[in-house]
Amino acid sequence: MKIMIIRHGKVNMEWQKLSTSRQFDMDCHKYDISPLYPIHKKIKGVTGTDIYTSTLKRTRDTAEALCGSRTFIETKLLNEVPLKSFCDSRIPLPLLVWNVIGRLQWGMGNIRQPEGRKDSQRRANILIEELIRKNRDCVLVSHGFFMRILIKELKRYGFKINKRRMRLGNLDFVLASREEWMA
């Protein structure tokens, strides 16, 4: 069984460098609904392969650009790990601060974040078990932060990953494979 996991295309949106908590939360929402920059690549050899996308528009748009117009399997299990402001602040803070502390809260399971680490791992495991049950080669179009979690969990299920360094830029992909005898 082989799984190709692709990060969505580059989103056409500029994040504010400094923002209040309200502005940061608005930018997170704006990012989720913004269009992609044009994609000029195609994936060959995926005819008849199941292609999964998250429910966020950027993954569907990426899948259509890469694979053409066809039926995709949309699932919330591939959605990005949501991020919210880590506190209520009228004082503008740098984007890096919002991102780092918000992800630290995610890691600790802080209720300020909509989803904690254990929830994200559980979601990845549900998806992996579903894919193993189907036992078909597939393509997953997902998001950078969630891809890291998914790849880590795939390794726990005995999948071999083709990359050691996990730098995941837009449209980068990872191949995960699992021998039939391991199923």
Side-chain angles (χ1 to χ4, degrees), residues 5-41 52-66 72-128 130 140-156 161 163-174:
I5 311 162
I6 304 169
R7 185 175 177 202
H8 63 79
K10 185 168 173 51
V11 177
N12 186 358
M13 188 209 122
E14 289 293 321
W15 289 84
Q16 293 183 48
K17 303 291 184 228
L18 292 172
S19 59
T20 64
S21 58
R22 186 170 180 268
Q23 290 167 328
F24 178 76
D25 290 339
M26 286 172 42
D27 270 2
C28 288
H29 174 71
K30 184 178 173 184
Y31 184 78
D32 283 345
I33 62 172
S34 291
L36 298 176
Y37 284 104
I39 297 172
H40 303 290
K41 295 181 178 182
Y52 294 79
T53 66
S54 78
T55 61
L56 297 170
K57 187 177 181 325
R58 60 187 177 267
T59 60
R60 181 175 206 64
D61 291 348
T62 300
E64 285 178 355
L66 294 174
F72 301 109
I73 301 166
E74 189 176 278
T75 176
K76 290 181 180 181
L77 297 172
L78 279 172
N79 281 4
E80 180 61 292
V81 176
L83 182 63
K84 298 289 183 202
S85 55
F86 65 88
C87 70
D88 293 324
S89 172
R90 291 183 184 182
I91 299 168
L93 298 173
L95 179 60
L96 181 67
V97 171
W98 291 114
N99 284 322
V100 170
I101 296 177
R103 289 303 184 206
L104 286 172
Q105 284 181 334
W106 164 83
M108 296 183 296
N110 187 294
I111 61 170
R112 179 83 184 193
Q113 296 306 319
E115 180 176 283
R117 177 193 308 263
K118 289 180 182 176
D119 299 320
S120 301
Q121 290 169 326
R122 190 175 306 114
R123 189 161 49 96
N125 288 320
I126 291 168
L127 175 65
I128 293 166
E130 194 174 294
L140 310 178
V141 184
S142 191
H143 307 268
F145 196 78
F146 184 70
M147 280 177 68
R148 292 180 185 284
I149 297 159
L150 183 59
I151 290 164
K152 186 176 181 181
E153 295 303 310
L154 281 165
K155 288 178 184 177
R156 288 188 46 240
I161 307 300
K163 290 185 178 182
R164 288 181 189 236
R165 281 184 56 225
M166 283 299 149
R167 233 176 147 198
L168 299 168
N170 296 106
L171 300 178
D172 281 351
F173 67 92
V174 172

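Note that the structure is a prediction, hence the values are computed from the model and not measured.
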Check whether any side-chain heavy atom of Glu80 lies under 4.5 Å from a side-chain heavy atom of Arg58, and answer yes or no. yes
Got a donor-acceptor contact below 3.5 angstrom from the Thr59 side chain to the His8 backbone? no
Residue pairs passing the ring pair (Phe, Tyr, Trp, His ring centres under 6.0 Å) test where at least one lies in residues 100-125, sequence neighbours excluded: Trp106-Phe145
Is the closest side-chain heavy-atom distance between Ile39 and Asp61 below 4.5 Å? no
Sequence-distant partners of Phe86, ring pair (Phe, Tyr, Trp, His ring centres under 6.0 Å), two or more places apart: Trp98
Hey, does the side chain of Asp119 reach the backbone of Gly116 with a donor-acceptor pair shorter than 3.5 angstrom? yes
Would you find more than 12 non-hydrogen atoms of other residues, nucleotides or ligands less than 6.0 Å from Phe72 atom CZ? yes
Between Arg22 and Asp88, does at least one N-O distance fall below 4.0 Å, as a salt bridge requires? no
Applying side-chain contact (heavy atoms from CB on, under 4.5 Å), run through Leu150 and Leu140 and close with a yes or a no. CA-CA 11 Å; Leu150 183 59; Leu140 310 178; 3.8 Å; yes
Does atom NZ of Lys163 have more than 12 heavy-atom neighbours from other groups under 6.0 Å away? yes
Validation row: Asn79, Arg123 side chains within 4.5 angstrom (heavy atoms): yes
Taking Gln113 for its side chain and Leu83 for its backbone only, find out whether a donor-acceptor pair lies under 3.5 Å. no
Is a donor on one side and an acceptor on the other found under 3.5 Å between the side chain of Thr75 and the backbone of Leu78? no
For Tyr31, check ring pair (Phe, Tyr, Trp, His ring centres under 6.0 Å) against everything at least two apart and list the hits. Trp15
Ser85 versus Arg112, side-chain donor and acceptor atoms under 3.5 Å: yes
Under 4.0 Å between a side-chain nitrogen and a carboxylate oxygen: does that hold for Asp27 and Lys30? no
